[in-house]
Protein chains: 2
Amino acid sequence: MTEEKWDVVIVGAGLSGLSAAQTLLKRNGKLKILILEGKERVGGRTVTLELPAAHGVDRWDMGGQWVGSSQTYVMELIKEFGLEVYPQYTTGQKVHHVGGPVAKARTSSTTIPALSPLVLLDLLQLVWKIDKLSATVSVENPMKTPDAHKLDSMTLHSFIEKHAWTEEMKEEMGVCSRVVFGMEPNQMSFLYFLMYAAAAGGVLFLLDSTPGSAQEFRVKGGTQQLSERLAQQIGWESVRLGQAVTAIWQDAGWAKVTTATQSYLCKEVIVSCPPHLAAKIHYQPALPSQRERLTQNMPVGHLIKFIITYQTAFWREKGFSGEIVARSSAECPLSVTFDGTSPSGSPALVGFISGVQAYEWSSRVMSERCDAVVISLVKYLGEEAAHYIHYEEKDWALEQYSGGCPVNVMAPGLLTYHHPSLRKPCGRIHWAGTETATQWCGYMDGAIQSAQRVALEVLARLCPSTLTQKEQEAVQAAQNHESGPCRPTPSKSRVHRALIITTLTVAAAVLLAKPQVCRYWIGQAWDVVMFVLCQ
Amino acid sequence: MTEEKWDVVIVGAGLSGLSAAQTLLKRNGKLKILILEGKERVGGRTVTLELPAAHGVDRWDMGGQWVGSSQTYVMELIKEFGLEVYPQYTTGQKVHHVGGPVAKARTSSTTIPALSPLVLLDLLQLVWKIDKLSATVSVENPMKTPDAHKLDSMTLHSFIEKHAWTEEMKEEMGVCSRVVFGMEPNQMSFLYFLMYAAAAGGVLFLLDSTPGSAQEFRVKGGTQQLSERLAQQIGWESVRLGQAVTAIWQDAGWAKVTTATQSYLCKEVIVSCPPHLAAKIHYQPALPSQRERLTQNMPVGHLIKFIITYQTAFWREKGFSGEIVARSSAECPLSVTFDGTSPSGSPALVGFISGVQAYEWSSRVMSERCDAVVISLVKYLGEEAAHYIHYEEKDWALEQYSGGCPVNVMAPGLLTYHHPSLRKPCGRIHWAGTETATQWCGYMDGAIQSAQRVALEVLARLCPSTLTQKEQEAVQAAQNHESGPCRPTPSKSRVHRALIITTLTVAAAVLLAKPQVCRYWIGQAWDVVMFVLCQ
C-alpha cells in the first residue's frame with residue numbers, strides 16, 4: 001500500500017462532509033483535501049431519482065426533501081448555487097386518521113388537525129408543556145438544562161403517558177415521533193426530544209409546513225444537487241467514491257485513514273458520517289470510552305419513503321391537499337403522505353412508512369407494501385388512487401453506509417453523562433454531521449451548520465491566521481462547552497399563556513355545541529395560536 | 001494473503017467462545033476449529049493477576065470473580081477442571097451509607113441492609129413489586145411478557161421514581177444498578193432489568209451473597225483459569241491471540257473472517273464478543289437492519305475494579321465483614337466493597353467504582369482514585385485502612401476489545417422490537433456471549449450456557465447426526481422463538497404475600513419503638529423472607 005499525504009481527509013461525502021471541504025477551501029484554497037465516501041454517489045441521506053411520470057419522467061427526492069426559511073445555512077447554500085425553492089402544496093382537505101382501531105378518518109381544510117375538541121385541547125396543553133420545557137434547554141450544553149437529569153431519565157413515551165390526557169393524543173404523539181424521527185417514542189430520551197425541538201425553534205416547527213417550519217419548501221430539481229454542486233466546486237478529483245473508511249490511526253505526526261484498498265496520511269480528519277457508522281470505524285489509539293459510549297447508543301430511525309406518480313393530481317381536483325396522517329395499524333403501512341407534485345407539474349404523492357410500521361413492513365416484498373399503500377390511498381382519497389403510473393420506494397435501513405434515516409437520536413441517560421463527547425475532537429479527529437448541529441439538528445441545515453463549525457475547528461489547528469480572533473475564541477469556547485449558556489426562559493408571561501388556553505377552552509366548548517359553524521373559526525384561531533407559540 | 005480453511009471460526013476467546021469450542025469438540029473431535037482473539041490473552045472479562053500481598057504475592061481476579069450454586073453451567077465447568085470454590089466472607093458488621101448528603105453511615109451484622117424501618121419497608125414493597133413483575137417475564141421471548149410494551153417503554157429510573165416511597169430507596173436502587181450493571185438506572189429499559197433478574201431467578205439473587213446468589217462463592221486461584229484450562233484442552237494451537245476480527249464476509253460457499261493481517265475461510269462463524277464489539281465488525285452482505293439496530297443500542301457498563309491488599313484483615317478483627325455500600329458522592333469514589341482475602345489468607349478488600357462514579361473518576365490519575373478510596377476506607381473501617389500494601393485497579397472501559405464491564409444492557413424500546421435478532425443466526429454467523437444467555441445472563445454462567453446453545457446450533461448445520469432428535473428440535477424452536485412460553489405466574493397466593501408484608505409492617509413498627517432489642521430478630525426475619533421470596 002502506498003500512502004498519499006493530505007492536509008485534511010474527510011470521511012463521508014454527504015452535505016456535511018462536502019460543506020466542510022467547501023468552507024475549508026474558501027478560507028484557504030491551498031489546503032489539500034480528500035473526501036472518502038463508502039457509497040458510489042455523493043449526497044448521504046439525500047438522493048434524487050428520475051421516475052416515470054405523467055409527462056415522461058421527472059425528478060423526485062427519495063431522501064431529505066424539505067427546507068424552511070428559518071434554516072439559514074441550507075437556504076444560503078441553495079441561493080449560492082442559484083437553485084430555487086417552491087412551497088409545499090397544502091391547499092385543501094387534510095385527512096387525519098388517529099384515535100384507536102374504531103375511529104373514522106376525519107378531514108380538515110385548515111392547518112388545525114382534524115381532532116375532536118377534547119383531543120385538540122389535549123394537543124394544545126401538551127405542546128404548551130413541551131415548548132415550555134424545550135425553551136429551557138441549552139442546545140449547546142443540554143446538561144445545563146434545569147432538571148436535565150430528570151428529563152433525560154425518561155423516554156418520550158413516559159412523558160406522554162404522564163402528561164397526555166387522552167389515548168388519542170398518545171397515539172397522535174406516536175405518529176409524530178414516527179414521522180419526525182422514524183422512531184417510536186419509547187426509544188428516545190425526552191431531554192433529547194426537547195433539545196431537538198429547541199434546535200428547530202419549537203416542537204411545532206418540526207411538524208408543520210407553515211413559514212419557517214421543516215416542511216415549508218421543496219428544492220426544484222431535488223436536494224442531491226446541493227451535494228453534486230459542492231463536489232463540482234471542490235473538484236470531483238478530490239472525492240473518492242466506493243471508499244469506505246475502516247480504520248483511523250493517529251500518532252504524534254500524522255493521522256492514517258484506511259479503506260479496504262488504500263491508506264491516506266493527513267494532519268486532520270473530519271468524520272461526517274452518522275454516529276452509528278462512525279462507531280464502526282476502528283480507532284487507534286482507542287477513542288475515549290465516553291465517546292465510544294455515546295456513539296454506541298444513538299439509534300438511527302427507520303424510514304421507508306415512497307413516491308407514487310399519477311396522470312392527474314386527482315386529490316387536488318377533489319379538494320384534498322394530499323396530506324394524510326394515519327395511525328399505526330396492521331392494514332395501513334403509511335404514517336403520513338403529502339402532495340409531491342413536481343414543480344413542472346408531474347402529479348405525485350410522497351409518503352413514509354416509519355418506526356414500528358417500517359419494522360413490520362420492511363421484511364415483506366415491495367409489491368405487498370405497494371399494494372397496501374395503494375389500498376390505503378384509495379380508502380382516504382378515492383378510487384382514482386388505484387390508477388398510478390409508478391410506485392418507487394427507498395428503505396433507508398437497507399442502504400449501505402446509511403443503515404437508517406432520517407437521524408440518530410439519543411437513548412435515555414446519554415445526554416447527561418456523555419454529551420460533552422458529541423463535538424469534542426479526539427486528537428486529530430473532528431466530528432461533523434447533522435447529529436452534531438445546534439441549529440436544526442437532524443436536518444440538511446444542521447449538516448451544513450456542523451460543517452462550518454468543524455471547518456473552523458480544523459482551520460484553528462492548520463492555519464489559525466485564516467480565522468478572526470472572535471472565531472478562534474468561538475472554537476475554543478465550543479470545545480470547552482463555554483458557549484452554551486441556558487437559553488433564556490420564555491418571555492411570554494403565564495397570564496399570556498393562560499389567556500390562550502382559556503380562549504381555546506371556550507372555543508372548544510362552543511365547537512362541541514355547534515361543530516359545523518365553528519370549525520372554520522377554530523381553524524383560524526389555531527393558525528394564530530401556532531404563530532404566537534412559535535415566535 | 002493466504003486463506004486457511006476451517007470448519008468453524010470463533011470470534012473471541014472468552015469463556016463463551018472457548019466453551020463453544022469445547023462443546024463442539026466433545027461432540028465431534030474431528031471438527032477443525034479456530035479461535036481468534038483481539039487481546040493478547042484468553043478470558044475476556046475474566047483476568048487474574050498476581051499482586052503484592054501479606055505473604056509475598058497472591059492471585060486476585062480483576063474481572064468476574066463470583067459464582068453461585070444456582071449457576072449450574074459454571075459450577076459444572078469448575079468441577080470438570082477440578083477447581084475449588086470457597087464462600088464469600090460475610091461475617092461481621094456491614095457498613096451502609098445511603099440516604100442523602102447528610103446521612104450517617106449505619107452498620108448491621110445480618111444480611112438485612114442497615115436501613116431505617118421505613119426504608120426497609122420501602123425496599124420490601126419495591127422488591128416484591130419487581131419480583132412479581134419479573135416472574136411474568138419470558139426470558140426466552142420477553143415480547144410475550146404481559147404489558148411488555150409498557151415495561152420496555154420506561155427506564156428503570158422511571159419505575160423507581162414511580163414506585164419507591166422514599167428518596168433513600170431511590171438512591172439505594174441507584175447503587176444497586178451501579179453495582180450490578182456498572183450503569184445508572186436511567187440508561188436501561190425496565191423490561192430488560194426484569195428479564196435480567198428473571199434469568200438469575202429473582203432480583204435479590206443479583207445482590208446477595210446468600211446460597212444460590214451471584215456473590216456466593218469465589219474460585220480458588222481465580223476465574224481466568226477456566227479459560228486457560230479450556231484453551232489447554234482445546235489446544236493452544238487453535239487459539240490465535242492479538243487477532244482482532246475486522247470483517248466477516250459470507251457467500252453461498254464460505255464465510256471469510258478477516259483480521260488486520262489474515263483471512264480465514266470457514267463453514268460457520270460464532271461471534272462471542274460483547275454486542276458493542278460485534279457491531280464494530282464489517283459484515284458483507286450487511287446484517288439485517290433489525291440486528292444492527294439491536295447491537296447499536298446495547299450500552300456496556302462502566303466498572304473500575306480495585307483490589308487493596310493489607311498485612312492483616314484488620315476489619316475482621318474489628319468485627320467488620322468488609323462490605324461497604326456507599327452512595328454516589330464527590331468525595332467517595334467507591335460504590336461497594338467486599339472482603340477479598342485470598343483462600344491462602346492474604347488479606348484484601350475488593351471494590352468497585354461504577355456507573356456515574358466511574359464516569360466522574362475515570363479521567364483522573366490513578367493515585368487520586370487510590371487516595372480517595374483509601375480515605376473512604378479509613379472513614380468506614382478505621383485508620384488501619386491507610387496502611388495498605390498494594391492498590392491495584394482495572395478500568396474495564398480502557399481495556400481494548402472490552403470497552404466496558406460487566407455487561408451490555410438494553411436501552412428502552414429495544415426488546416419489544418428487536419429482541420428476535422439477539423440469538424437468530426445471520427446466514428453462517430451465530431451469536432454467543434453472556435448477553436445472549438437465558439440463565440444468568442450477564443454472568444460467567446450465562447457465557448457458558450450461550451456457548452452450549454450456539455454449539456448445538458452449529459452442529460445442527462455441520463453434523464446434525466451428533467445431535468439427538470430432541471436437541472435438533474430445541475435448536476429449531478429457539479430460532480423460531482417457539483421455546484419461550486411465558487413463565488408461569490408466581491405460585492404464591494396474594495394472601496401469602498400479604499401475610500409477609502403485614503408481618504414485616506408490624507415488626508418494623510416494633511423496631512421503631514425498640515430498635516436495639518429488635519434488630520437481631522428483624523435480621524433473622526429478613527433472611528427468612530429473602531429465602532421465601534427467592535424460591
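Convention: sequence-line order gives letters A, B, ...; per-chain numbering from 1.
Heavy atoms closer than 4.5 Å to chain B are found in the side chain of A:S362, but not in its backbone. Only the backbone of A:A279 comes within less than 4.5 Å of a heavy atom in chain B; its side chain stays farther off.
In plain terms, the two heavy atoms of B:W431 and B:C426 that are nearest each other are NE1-SG, 3.6 Å. Among all heavy-atom pairs drawn from A:R291 and A:A278, the shortest one is NH2-CB, 4.3 Å.
Of the listed residues (A:N297, A:I281, A:T416, A:L398), the one with the most heavy-atom contacts under 4.5 Å to chain B is A:N297. Your options are B:Q290, B:H276, B:H149, B:K162, and the one with the most heavy-atom pairs under 4.5 Å with chain A is B:Q290. Your options are A:H282, A:M154, A:Q400, and the one with the most heavy-atom pairs under 4.5 Å with chain B is A:H282. Chosen from B:K150, B:E161, B:H302, the residue pairing most often with chain A at heavy-atom distances under 4.5 Å is B:H302. When each of A:Q296, A:R293, A:E292 is checked for heavy-atom pairs under 4.5 Å with chain B, A:R293 comes out on top. Put simply, of B:A411, B:S158, B:P275, B:G403, the one with the most heavy-atom pairs under 4.5 Å next to chain A is B:S158.
Of the charged side-chain nitrogens involved, none lies within less than 4.0 Å of a carboxylate oxygen, so that A:R423 and A:E435 do not count as a salt-bridged pair. Ion pairing between a basic and an acidic side chain is recognised when a charged N comes within 4.0 Å of a carboxylate O; B:E360 and B:R369 show no such pairing. Taking a cutoff of 4.0 Å between a charged side-chain nitrogen and a carboxylate oxygen, A:E393 and A:K305 do not qualify as a salt bridge.
Scanning for side-chain contact (heavy atoms from CB on, under 4.5 Å) contacts around B:Q243 gives B:L36, B:R240, B:T259, B:T261, B:Q262, B:Y264, with sequence neighbours left out.
Between B:F352 and B:F306, the ring center distance fails the sub-6.0 Å criterion.
Residues B:F159 and B:F193 have side chains not in contact (no heavy-atom distance under 4.5 Å, counting atoms from C-beta outward). Under the 4.5 Å side-chain criterion, counting only non-hydrogen atoms from C-beta, A:V175 is in contact with A:V179.
The closest side-chain donor-acceptor pair between A:S263 and A:T258 falls under 3.5 angstrom.
Listed in order of number, the residues of residues 183-192 of chain A that approach chain B to under 4.5 Å between heavy atoms are A:E184, A:N186, A:Q187.
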